[in-house]
Number of protein chains: 2
Amino acid sequence: MADQLTERSQNILEAIVEDYIASAEPVGSRAISRRHSFNLSPASVRNVMADLEDMGLLCSPHTSAGRIPTEKGFQYYIDTLLHVRDLNSNEKQNLRKSYRFQGMKMEDVMQEVGRVLSGLSKYTGLVMAPKFSSTVFRQIEFVRLSQGRVLVIYVSETGLVQNKVIEADRSLTAQQLEKISNYLNAELTGLSIQEVRTKLNQELQEERILYDQMKQQALKLSCAALQDEVENQVYVSGASLMLEQPEFSTPEQMRRLIKTLESKKLLVDLLDRSQLAQGVQIFIGSDSSHIDLEGCSLITSNFSNKKGAIGSLGVIGPVRMDYSQVIPIVDFTAQLVSRVLEREIE
Amino acid sequence: MADQLTERSQNILEAIVEDYIASAEPVGSRAISRRHSFNLSPASVRNVMADLEDMGLLCSPHTSAGRIPTEKGFQYYIDTLLHVRDLNSNEKQNLRKSYRFQGMKMEDVMQEVGRVLSGLSKYTGLVMAPKFSSTVFRQIEFVRLSQGRVLVIYVSETGLVQNKVIEADRSLTAQQLEKISNYLNAELTGLSIQEVRTKLNQELQEERILYDQMKQQALKLSCAALQDEVENQVYVSGASLMLEQPEFSTPEQMRRLIKTLESKKLLVDLLDRSQLAQGVQIFIGSDSSHIDLEGCSLITSNFSNKKGAIGSLGVIGPVRMDYSQVIPIVDFTAQLVSRVLEREIE
DNA sequence: TGTTAGCACTCTCTCTGGATGAGTGCTAAT
DNA sequence: ATTAGCACTCATCCAGAGAGAGTGCTAACA
């Protein structure tokens with residue numbers, strides 16, 4: 001349906017979208033005919049505008065206001081009119097310098113990425129850390145605490161750590177724990193955490209007729225430590241920047257936005273969805289299938305290392321976002337983070 | 001200065017504060033004389049009100065509105081008039097049931113505490129996790145990752161874990177790492193992490209004339225893992241609830257509030273301050289020495305275990321907060337968390 | 001046939017002024 | 001010491017007028 005637009009219509013649509021992105025206000029025919037040198041009178045522009053409105057690409061808040069792009073209009077703009085320029089090496093260098101990951105733990109890296117993303121884009125930054133279950137097992141350690149409590153520590157190939165305190169049989173000695181961990185380290189090496197989980201469960205099933213008390217203990221402990229993990233940690237940075245945007249200027253809008261950003265559930269959904277595809281993805285407004293993010297767009301990309309730990313990051317802004325500026329930032333940041341993660345294992 | 005108030009003045013002040021807490025609107029003399037059975041005419045109430053205003057306990061937004069308590073007024077109310085009722089055992093039981101800490105990692109516990117605190121109080125919950133450096137050393141572990149990178153894991157008595165990937169000399173073998181960890185575990189046992197840090201640094205100094213290559217490596221590794229730690233992790237929950245409060249109903253107020261809650265810096269300051277004292281503490285409005293929290297009050301308490309890991313939690317709400325309800329919640333929650341932490345080590 | 005000038009029309013936004021009502025401060029009476 | 005009475009102040013609400021921006025339509029034009 002898209003390319004039925006004449007060149008003139010496209011030019012005008014582009015002009016309207018861009019003016020609207022810059023001003024956040026309805027764009028009138030006069031303004032278009034003056035600011036852009038189409039050599040067309042306002043009246044002609046109006047005719048085209050009426051057509052675009054019929055197609056559902058524009059709409060007007062009321063009779064005597066200008067036009068604003070609909071979500072469909074933005075969609076079209078992004079699909080066919082937007083030219084995303086690459087960052088030049090200077091900008092890339094600057095971006096690289098913004099991030100200081102030196103000697104940071106994974107969590108801190110994620111938080112830092114969110115902060116910078118938000119700072120550069122002037123919108124809200126989102127980062128979803130790699131799920132632990134999608135990483136590759138490297139080592140398990142047990143630390144005896146007091147009163148039969150045992151701290152179980154899983155380490156992934158990438159150096160991610162997951163730990164949990166488990167109530168264990170008091171009779172377990174340090175020697176036994178060491179034996180257990182040796183056994184498991186041999187047994188589980190090379191599996192993904194997901195596989196580790198199923199394998200442990202299987203063996204626990206088989207061993208049900210507890211021939212080997214200790215082995216059973218071992219499996220139980222290790223299993224418990226992988227239970228009910230809060231996966232999908234999402235970091236949200238710069239929510240307050242969104243409140244500066246005119247589309248969130250009324251108390252009601254502010255409340256709703258903050259509530260949505262705070263609950264994080266929806267964000268996890270979207271970032272999860274984004275992981276299904278590759279490269280930069282854009283979700284526009286209620287296209288994202290949830291009213292709570294009405295008026296928002298989301299630009300995401302994924303990062304990963306060669307061992308499969310996958311996370312995603314992005315920027316959430318008003319639909320009227322400066323896509324040409326934010327897209328390259330998100331894109332390059334994702335690459336940057338990937339490279340950092342890879343450097344950490346390889 | 002405080003107790004120069006006659007009983008009648010006190011009663012009226014109390015009535016005003018409580019009506020204001022309930023309604024968020026200026027309280028008039030007529031309302032007071034009717035709602036509360038003082039058997040005083042509005043005119044008499046007005047006289048008292050005028051006195052209270054002179055003392056700086058009340059103020060009126062404009063001539064023909066009622067009075068609202070000043071911060072000083074709230075302070076007085078809290079210091080002398082407020083009766084904090086204890087929770088009855090039923091309520092305590094309910095509170096206990098709200099929290100499900102079963103098998104949670106410290107981080108998750110903290111987050112959960114914040115959420116519940118916010119949910120119960122209808123204001124914003126704050127939790128500052130115990131600083132790792134104030135905990136007691138239990139064990140150190142090294143995990144060799146690829147390319148000479150080593151994951152250093154510190155475990156505290158309480159089962160808290162701190163870990164970091166460190167770039168190490170490639171020649172380090174697994175055996176050597178094990179030897180190192182044995183050495184350190186013997187050496188450092190019983191020290192607080194703070195002490196561990198200084199001790200490592202001292203030894204590193206002494207050993208400078210590197211007699212013992214390996215020992216030096218050991219110290220360097222262990223030291224590096226304790227460097228630049230982001231302490232003072234603060235969890236903020238339910239910020240959006242504050243936006244429901246009438247005192248944050250204008251866009252400008254909302255923006256400022258969210259910005260402050262987001263930056264967390266100020267919150268860390270306040271929670272740090274709260275750790276200097278014991279029991280429930282209350283910071284009122286700009287008393288908290290920063291304009292950014294104008295209009296807010298903070299109710300905090302500390303939690304700890306016997307081994308000294310100390311954190312604090314609290315609720316941040318409008319100055320016009322329902323103190324009599326929130327204080328016991330904060331108080332009891334702090335006790336609850338302490339008990340949970342203690343159970344984990346003892 | 002596409003383009004444009006002109007014009008009536010619509011709708012929002014802002015400003016104004018008056019009415020309303022809540023609440024005060026003061027004074028004089030009890 | 002308390003209270004009734006009264007004049008006064010000020011925010012809030014509402015209606016109406018005027019301005020301004022922008023549209024749609026029609027008729028003229030190249």
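Residue numbering restarts at 1 for every chain, and letters A, B, ... go by the order of the sequence lines. We use all heavy atoms of the structure for the numbers below, so side chains are in, but hydrogens, waters and symmetry mates are not. This one's a predicted model, so the numbers in the text were calculated from it and none came from an experiment.
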Flag for A:S9-A:N11: side-chain donor and acceptor within less than 3.5 Å: no
side-chain hydrogen bond (donor to acceptor under 3.5 Å, both in side chains) contacts in which one or both residues fall within residues 13-32 of chain A, not counting sequence neighbours: A:E18-A:Y77, A:D19-A:R35, A:D19-A:H36, A:S29-A:R46
Sorted by number, the residues of residues 60-69 of chain B with heavy-atom contact under 4.0 Å to DNA chain C: B:T63, B:S64, B:A65, B:G66, B:R67
4.5 Å side-chain heavy-atom contact, B:P251 and A:M254: yes
Length of the line joining A:E53:CD and D:dG22:P, which is rounded to integer Å: 15 Å
Basic-acidic side-chain contact under 4.0 Å: B:E252, B:R255: yes
Note, A:L313 side chain near A:L271 side chain (heavy atom, < 4.5 Å): no
Interface with DNA chain D, restricted to residues 17-40 of chain B and to heavy atoms under 4.0 Å: B:N39, B:L40
A:F38 side chain reached by A:R8 side chain, heavy atoms, under 4.5 Å: no
Salt-bridge criterion met for A:K122 and A:E244 (N-O under 4.0 Å): no
Whole-Å distance separating the CE atom of A:M49 from the C1' atom of D:dG22: 9 Å
Length of the CG-P vector between B:N47 and D:dA1, whole Å: 11 Å
Side chain to side chain contact (heavy atoms under 4.5 Å, CB included) evaluation trace for B:I68 with B:C59: CA-CA 6 Å; B:I68 61 181; B:C59 66; 3.8 Å; yes
Phosphate contact (D:dA4 OP1 or OP2) by B:R46 side-chain N/O below 4.0 Å: no
